Amino acid sequence: MAKVATNANFADMLQDDKLVVVDFWAVWCGPCRMLSPIVDEIAEEMADKVTVVKCNVDDCEEIAMQFRIMSIPTLIFFKNGEIVDKTVGVMPKNALVEKIKSLL
C-alpha cells in the first residue's frame, strides 16, 4: 500500500533502504487518476522491493516547489535519498514495472 506524504514526514520517507517511488498528483488531474491505480497496484505487488509514496501537490506545495514539479503526474525515483530517475505523464503498467526493475 502506498504511503501518504505530508510536509512533515516527506524527508523521512526518502530514507528507506528500498527504491522509493514518489507519485506527485492532484485530485483534479485527469491523467493522475489514470496513473493512480497502476501505482497502487505496484505498491502492493512490489512491496518487498519498493516503497511507494503519494504526494498530493495541493497539500504539499513546498515539496512540489522543492522538486520543481511543473506537470503532473510526475514520478520521481529515489535511492538512498538521492534522485535516480524521473518520469512525467501517464505510462502503462508494464513500462513502469520495467523502469522500476532497471533501477533496483
Side-chain angles (χ1 to χ4, degrees):
M1 183 170 173
K3 298 179 180 183
V4 178
T6 65
N7 287 319
N9 70 6
F10 186 79
D12 292 336
M13 290 184 166
L14 301 183
Q15 302 308 316
D16 201 313
D17 290 340
K18 300 184 239 177
L19 178 71
V20 179
V21 180
V22 181
D23 177 14
F24 290 90
W25 68 284
V27 173
W28 47 263
C29 168
C32 298
R33 288 194 303 267
M34 292 169 54
L35 184 62
S36 187
I38 295 168
V39 171
D40 291 341
E41 286 176 24
I42 288 171
E44 287 187 32
E45 294 169 9
M46 301 184 80
D48 58 329
K49 295 180 175 96
V50 299
T51 297
V52 175
V53 176
K54 306 275 265 180
C55 186
N56 184 324
V57 296
D58 291 331
D59 295 339
C60 302
E61 290 180 20
E62 295 171 23
I63 297 167
M65 287 191 310
Q66 176 185 351
F67 290 98
R68 297 185 177 114
I69 304 301
M70 304 302 272
S71 297
I72 52 175
T74 293
L75 300 177
I76 300 183
F77 304 85
F78 293 86
K79 234 181 192 176
N80 301 317
E82 300 292 323
I83 296 173
V84 293
D85 208 343
K86 177 180 178 178
T87 64
V88 178
V90 178
M91 62 180 6
K93 182 178 178 182
N94 62 334
L96 182 52
V97 168
E98 288 305 312
K99 166 71 74 183
I100 291 169
K101 286 181 179 177
S102 75
L103 297 171
L104 293 175

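Every heavy atom of this structure was used, including side-chain atoms; hydrogens, water molecules and symmetry mates were not. These figures come from a predicted structure and were not determined experimentally. Residue numbers start at 1 and run along the sequence shown.
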Salt bridge (charged side-chain N to carboxylate O under 4.0 Å, His left out) with E98: which residues, sequence neighbours excluded? none
Value rounded to 0.5 Å, distance of CH2 in W25 from CG in L35: 11.5 Å
Using the ring pair (Phe, Tyr, Trp, His ring centres under 6.0 Å) rule, collect all pairs that involve residues 82-104, keeping only residues at least two apart or in two chains. none
Pairs where residues 66-86 contributes a residue and the test salt bridge (Lys or Arg N to Asp or Glu O under 4.0 Å) is met, not counting sequence neighbours: D85-K99
I'd like to check the disulfide bond (SG atoms under 2.5 Å apart) partners of C32; sequence neighbours left out, ordered by chain and number. C29
Clusters formed by hydrophobic residues whose side-chain heavy atoms approach within less than 4.5 Å: which one holds I72, and what are its other members? F10, M13, L14, V20, V22, F24, W28, V53, V57, I63, F67, I69, I76, F78, I83
So the side-chain hydrogen bond (donor to acceptor under 3.5 Å, both in side chains) pairs with at least one residue in residues 33-50 (sequence neighbours excluded) are S36-K54, E41-K93, E45-K93
Under a single-linkage rule joining Ile, Leu, Val, Met, Phe, Trp and Tyr whose side-chain heavy atoms are separated by less than 4.5 Å, which residues share a cluster with M1? none
Could you list the cluster mates of V4? Members are the ILVMFWY residues connected by side-chain heavy atoms closer than 4.5 Å, either directly or through other members. none
Which side-chain hydrogen bond (donor to acceptor under 3.5 Å, both in side chains) pairs, counting each pair once, include a residue from residues 8-18, with sequence neighbours left out? T6-N9, D16-T51
Set out, in order, the CA-CA distance, both residues' side-chain angles and the distance that settles side-chain contact (heavy atoms from CB on, under 4.5 Å) for F77 and T87, then state yes or no. CA-CA 9 Å; F77 304 85; T87 64; 4.0 Å; yes
With sequence neighbours excluded, give me every disulfide bond (SG atoms under 2.5 Å apart) pair touching residues 67-104. none
For P31 and V90 the tightest heavy-atom approach is O-CG2, 3.3 Å
Can you sort out the partners of P92 under side-chain contact (heavy atoms from CB on, under 4.5 Å), two or more places apart, ordered by chain and number? N94, A95
How many angstroms lie between atom CD1 of I38 and atom CD1 of I42, to the nearest 0.5 angstrom? 7.0 Å
Hey, does V21 have a side-chain heavy atom less than 4.5 Å from the side chain of I100? yes
Could you list the cluster mates of V88? Members are the ILVMFWY residues connected by side-chain heavy atoms closer than 4.5 Å, either directly or through other members. none
Shared hydrophobic cluster, V52 / V97 (ILVMFWY, side-chain heavy atoms < 4.5 Å): yes
With rounding to the nearest 0.5 angstrom, report the CG to OG distance, L19 to S102. 9.0 Å
When you compare the side chain of D58 with that of V27, does any pair of heavy atoms fall below 4.5 Å? no
